[in-house]
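Note sheet for the following structure.
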Amino acid sequence: MSTETKTRIRKTRKRNPRLRPLPMRDGQVEGYVHSIETFGAVDGPGIRFVAFMQGCNMRCKFCHNPDTWKKNVGDKMTSDEVLNQALSYKDFWGDKGGITLSGGEILLQIEFATELFTKCHKLGISTCLDTCGQPFTRREPWFSQFNKLLDVTDIVLLDIKHINSAEHRKLTGYPNENILDLARYLSDIGKPMWVRQVLIPTITDNPKFLTETSDFVKTLHNVEKFEVLPYHTMGVHKYAEMGVKYRLDGIEPPSDEHVARAQRLLHCADYQGYRDWQPGDSTLEKPVS
Amino acid sequence: MMNTVDETQTSAWSGFKKGQWQTEIDIRDFIEKNFVPYDGDESFLEGPTDATTTLNDKLTDLKMKQRKVGVLDADTKVVSTITSHGPGYLDKDLEKIVGLQTDKPLKRSLMPQGGIRMAVDALETNGYKIDPEVEYFYSKVQKTHNEGVFDAYDADIRHARHNKILTGLPDAYGRGRIVADFPRIALYGIDRLIAGKQEDLDLTGDGEMTSDVIEQREHISDQIKALKDMKEMAKSYGCDISKPATNAQEAIQWLYFGYLAAIKTQNGAAMSIGRIDTFVDIFIARDLERGVLNEKEAQELVDQFTMKLRMVFFMRTPEYNSLFTGDPIWATLSLAGTGLDGRHHVTKTAYRFLNTLHNMGAAPEPNITLLWSDNLPTPFKRYASSVSIESSTIQYENDDLMKRQWGTDYYGIACCVSAQPVDSGVQFFGARANLAKTVLYALNEGRDELTGQQVGPELKKMSSEYIDYDEFMGKLDKMMDWLADVYVNALNIIHYMHDKYYYESAQLALKNTKLDYTFATGLSGLSVAADSISAIKYGHVKAIRNEDGLTVGFKADKDYPRYGNNDDRADEIVVWLVKQMYQKMNTHHLYKDAQLSTSALTITSNVVYGKNTGATPNGRELGEPFAPGANPAYGADISGALASLLSVAKIPYKYATDGISNTFAVTPTTLGKVEDEQEDTLVNMIDGYMKNSGHHINVNVFKRETLIDAQKHPEQYPTLTIRVSGYCVYFADLTKEQQDDVISRTFHTSM
């Protein structure tokens with residue numbers, strides 16, 4: 001291998017730390033699990049077994065799970081272990097439910113997700129990926145790995161924290177170009193997706209930004225559902241426990257009317273399953289409706 | 001006697017499909033032959049008629065007045081019998097279904113046969129004075145059930161009762177828990193039922209008068225008298241129930257007269273109405289087809305009948321109320337279910353009964369119990385879920401499980417959650433024993449941890465401050481042996497005396513003469529006991545003792561598995577406890593060779609049991625409430641709602657056929673963001689629980705904040721209804737302690 005190649009790989013790895021190999025046990029990748037929710041009814045279609053994975057790059061000011069930020073901590077579980085635990089709840093899943101991987105940021109443990117979802121698909125279990133999209137890149141080798149994961153993923157839940165990249169950086173520590181690119185990519189390949197806009201009074205509720213978000217989401221063809229996630233303060237106590245300053249002190253959760261207004265601006269009600277579009281059509285070439 | 005079909009029957013039965021039910025008394029056969037399953041949705045339902053609304057407003061008004069004063073009116077002199085009172089009405093001109101417990105709405109009747117002390121106290125604590133002659137009669141002339149029981153109790157039972165390791169025993173009031181086959185009156189008329197009982201009387205015994213034959217003959221004669229009295233009582237309302245009902249209104253009215261006879265003679269711990277939905281539906285369907293009834297009128301009949309079930313109250317003492325708060329009477333109404341042939345029993349009338357909650361608002365009675373099966377049609381499942389989400393008034397029970405266990409599809413729910421074959425089953429109600437206290441007795445040499453009295457067998461002291469698991473289990477085993485002995489002995493006495501002094505002739509007149517008895521027992525503090533044992537096994541627990549050597553607190557050095565997290569290490573302890581207690585009690589002679597059953601069901605008494613139990617090894621403080629029924633201990637189930645459900649579902653129903661009650665509270669937003677999703681989630685959740693052999697679940701859907709607000713401003717939530725272990729109650733009728741208890745329970749939420 002030439003020095004140049006080595007350097008490139010090292011650089012890529014630096015940019016994409018998730019490709020640092022995850023620990024192995026019993027011939028399987030181990031994932032770092034923060035916690036398990038056996039009864040997730042708002043984390044994808046139907047009742048779902050949700051594994052919240054540990055580790056996230058973003059530092060969202062409103063995050064209600066700051067205890068999931070740190071990487072390489074938490075319960076080490078193999079995909080079989082997670083799967084077997086999940087399977088005891090399969091009678092509750094009906095015809096829509098299944099398994100959701102959430103976080104933290106699940107794409108930081110992409111090999112684990114791929115292994116688990118592959119096993120799920122063999123058993124006919126519905127798989128759902130709940131991501132903020134921050135690790136997304138079209139660079140290799142990450143992109144190929146991601147496509148492998150998408151092959152065994154039935155639906156993606158994608159959060160849009162802010163439509164404006166500069167504002168996004170202020171709010172989360174990262175720009176949003178690659179996140180919006182992920183949305184477009186998923187649209188292009190026709191992967192069913194639920195989009196969620198986090199609604200934080202004074203920060204993401206500006207009608208101008210919401211309209212921009214709405215315009216963007218309209219260009220996508222794979223959006224089955226568009227939801228508003230109202231900001232809440234239920235995780236604030238965790239900051240004190242962790243000794244981390246909470247930066248949104250004084251901001252109150254939005255009222256029901258406030259949420260309804262945002263839903264109107266975003267045209268959430270328009271998203272009811274697939275739109276008239278075939279996989280293979282490109283998002284970018286479609287005129288904005 | 002040859003049972004031939006006479007002319008009145010022919011005309012009353014015209015339009016029905018023929019069957020054995022015509023010559024034999026067999027409601028199940030009638031239902032099987034005639035009912036039509038309904039697969040559609042709720043869109044056919046009608047709102048209330050003006051008459052229903054006017055009546056309902058009057059009743060609500062009376063209930064609000066009653067809430068302020070406790071008791072609106074009470075008999076102090078007239079002892080209630082089937083015929084003791086003249087007719088009573090809420091508004092005679094508007095009522096389609098008539099009949100009250102006494103001569104005035106919500107006026108409470110006097111029933112001293114269970115125990116005169118209880119009757120006197122109940123009146124006095126509510127500001128009434130019993131007539132001295134009545135008191136004299138039941139103290140000096142006529143013995144009561146209560147006196148009989150105490151004549152026979154031994155010191156061991158009295159100690160156990162006094163120290164509250166046995167509580168709520170039906171030794172001073174009616175044991176209840178009989179589901180009578182009320183539809184018999186409607187289908188056959190009283191005369192045919194009397195003829196049937198007369199035939200049974202003639203065939204009782206072989207001529208040799210042994211004590212069992214004598215008792216049986218006396219009981220059948222009592223039943224015949226009760227049937228004659230029912231006829232007379234109905235006549236006072238202008239109805240002739242000697243012959244079969246000829247239309248839907250009569251059918252409902254006739255069967256209600258049977259229920260009325262039951263509640264006029266028994267102040268039982270539960271007065272269930274049974275399983276009447278498919279039966280009633282057959283009559284309504286015939287009338288609709290004949291064009292003599294429309295949907296609005298059909299709904300009116302169901303609404304007004306249901307309203308009657310909302311008007312039943314008994315005179316209770318404060319002690320009783322502290323155990324079972326909110327004046328419950330468990331007019332348990334079982335709906336839907338499936339048949340042995342695989343057809344579901346959802347009819348339009350099951351929908352109509354659920355619709356009463358829309359038409360007349362939420363109310364605790366009747367205690368609506370939905371017999372759930374995988375085979376119920378989806379539209380019905382969804383409709384029931386929507387009613388649950390809206391009103392939190394439905395409990396769900398596993399029809400597939402119960403059908404298999406009881407071998408029949410014609411069973412009803414007696415009391416809170418206990419199944420019973422309607423035609424031939426009777427349950428002897430047995431209250432409950434306190435398992436958490438039993439754990440403490442094992443650690444305190446058989447002494448009560450609060451009174452210091454030697455109640456159980458005197459065991460050697462524990463050898464060290466840190467509790468050795470094996471040593472403890474040896475002592476626990478001895479203590480459970482003793483508890484089983486004393487508990488079964490007490491119940492044998494109670495049921496003997498109940499049959500002797502307070503026999504349920506009206507209800508048993510409406511069942512087969514040859515009966516199968518279940519000997520019910522109950523376990524309280526199950527999760528506290530299980531977690532305590534787990535703490536001792538895995539947590540290295542130290543006992544803290546006072547100067548008398550009694551335990552006053554515990555400290556676990558290590559974390560340990562807790563029941564409610566789908567963790568077998570803890571869950572198997574719960575299963576072990578239930579099975580052990582069952583097996584120990586089952587070695588005993590049981591009254592009338594009854595079949596033993598047990599339950600994990602506390603109703604609201606979990607608060608009082610907790611109050612009377614010292615600190616336990618699982619870290620629970622002295623006086624802290626137990627979790628209700630089979631629920632995991634408060635705060636112990638931290639692995640999510642489904643893990644909690646699966647833990648409870650591990651308790652084998654075959655030991656606890658009296659019921660495994662799970663009280664579940666969830667916030668609406670946890671179920672989903674929109675109504676459609678919420679219904680879907682609830683349906684899947686119940687389906688999943690039942691598929692895993694869960695027996696019973698109370699579903700409460702509301703926010704904790706709502707309850708906190710309702711506690712502060714009760715006037716704004718006059719009919720906020722919630723489900724507690726095995727029944728429904730107006731939140732405003734709970735004591736402050738019980739409200740706090742409900743508020744502090746595990747609410748399943750997600751972030």
Side-chain angles (χ1 to χ4, degrees), chain A residues 33-52 62-68 75 84-98 100 102 130 194 196 225-238 253 256 259 263 268-269 271-272, chain B residues 374 378 381-382 385 389 398 400 564-568 571 637-647 649-650 664-694 697 699 701 703-705 746-751:
Chain A
V33 178
H34 170 266
S35 58
I36 299 280
E37 169 58 76
T38 56
F39 186 49
V42 290
D43 307 282
I47 295 180
R48 309 192 73 87
F49 179 90
V50 189
F52 295 95
F62 57 86
C63 182
H64 58 259
N65 290 318
D67 45 338
T68 63
D75 292 336
N84 286 334
Q85 204 181 326
L87 280 175
S88 49
Y89 303 98
K90 70 174 177 352
D91 289 335
F92 293 93
W93 295 340
D95 48 10
K96 285 195 214 129
T100 294
S102 181
D130 181 5
W194 291 5
R196 289 107 65 98
K225 200 185 252 194
F226 189 10
E227 296 176 320
V228 169
L229 297 184
Y231 165 72
H232 64 74
T233 54
M234 284 186 277
V236 174
H237 65 97
K238 293 180 185 172
D256 291 350
V259 173
Q263 284 167 336
C268 289
Y271 298 87
Q272 308 275 351
Chain B
D374 205 26
T378 306
K381 286 181 177 178
R382 292 191 70 108
S385 315
I389 291 164
N398 192 335
D400 299 321
N565 298 292
N566 197 17
D567 180 337
D568 281 337
D571 298 347
D637 46 345
I638 51 169
S639 307
L642 302 189
S644 178
L645 291 180
L646 285 190
S647 282
K650 287 177 193 170
F664 185 85
V666 65
T667 59
T669 48
T670 304
L671 292 176
K673 295 204 166 106
V674 294
E675 212 180 294
D676 211 40
E677 279 175 13
Q678 293 174 349
E679 285 170 21
D680 214 38
T681 303
L682 198 50
V683 167
N684 282 322
M685 192 193 88
I686 299 170
D687 264 340
Y689 186 53
M690 302 293 180
K691 277 182 199 157
N692 282 279
S693 301
I697 185 164
V699 175
V701 185
K703 297 190 223 165
R704 198 189 299 272
E705 294 74 42
T746 306
F747 270 64
H748 293 286
T749 57
S750 65
M751 306 237 305

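Values in this document were obtained by computation on a predicted structure and should not be read as measured data. Just so it is clear: chains get the letters A, B, ... in the order the sequence lines come, proteins before strands, and each one is counted from 1.
Residue B/Ser639 touches chain A through its backbone alone, counting heavy-atom pairs closer than 4.5 Å. Proximity to chain B (any heavy atom under 4.5 Å) is shown, for A/Gln85, by neither the backbone nor the side chain. For B/Leu645, the part sitting under 4.5 Å from any heavy atom of chain A is the side chain, from C-beta outward, and nothing else. Only the side chain of B/Leu646 comes within less than 4.5 Å of a heavy atom in chain A; its backbone stays farther off.
For the atom pair CG (A/Asp95) and CG (B/Asp680), the distance works out to 7.5 Å, reported to the nearest 0.5 Å. Rounding to the nearest 0.5 angstrom, the gap separating the CG atom in B/Asn565 from the CD1 atom in A/Ile36 is 12.5 Å. How far CG of B/Asp687 is from CH2 of A/Trp93: 15.0 Å, rounded to the nearest 0.5 Å. Between atom CD of residue B/Glu677 and atom NZ of residue A/Lys225 there is a gap of 3.5 Å, rounded to the nearest 0.5 Å.
Judged as a salt bridge (charged side-chain N to carboxylate O under 4.0 Å, His left out), and not counting sequence neighbours, the contacts of B/Asp567 are B/Arg569.
When all heavy atoms of B/Asn566 and A/Ser88 are compared, the closest pair comes out as ND2-OG, 3.7 Å. The two residues A/Phe92 and B/Tyr689 come nearest to each other via the heavy atoms CE2-N, 3.2 Å. Residues B/Met685 and A/Ile47 come closest through the heavy atom pair N-CD1, 3.6 Å.
Taking B/Gly672, B/Ala643, B/Ser644 one by one and counting their heavy-atom pairs under 4.5 Å with chain A, the maximum is reached by B/Ala643.
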Chi angles and distances behind the side chain to side chain contact (heavy atoms under 4.5 Å, CB included) call for A/Phe39, B/Thr681: CA-CA 9 Å; A/Phe39 186 49; B/Thr681 303; 3.8 Å; yes

A/Leu229 vs B/Lys673, side chain to side chain contact (heavy atoms under 4.5 Å, CB included): CA-CA, chis, key distance, verdict: CA-CA 10 Å; A/Leu229 297 184; B/Lys673 295 204 166 106; 3.6 Å; yes

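Summarising the local packing, NZ of B/Lys703 is surrounded by 12 or fewer heavy atoms from other residues, nucleotides or ligands at distances under 6.0 Å. Crowding of A/Lys96 atom NZ: a count of heavy atoms from other residues, nucleotides or ligands under 6.0 Å not exceeding 12.
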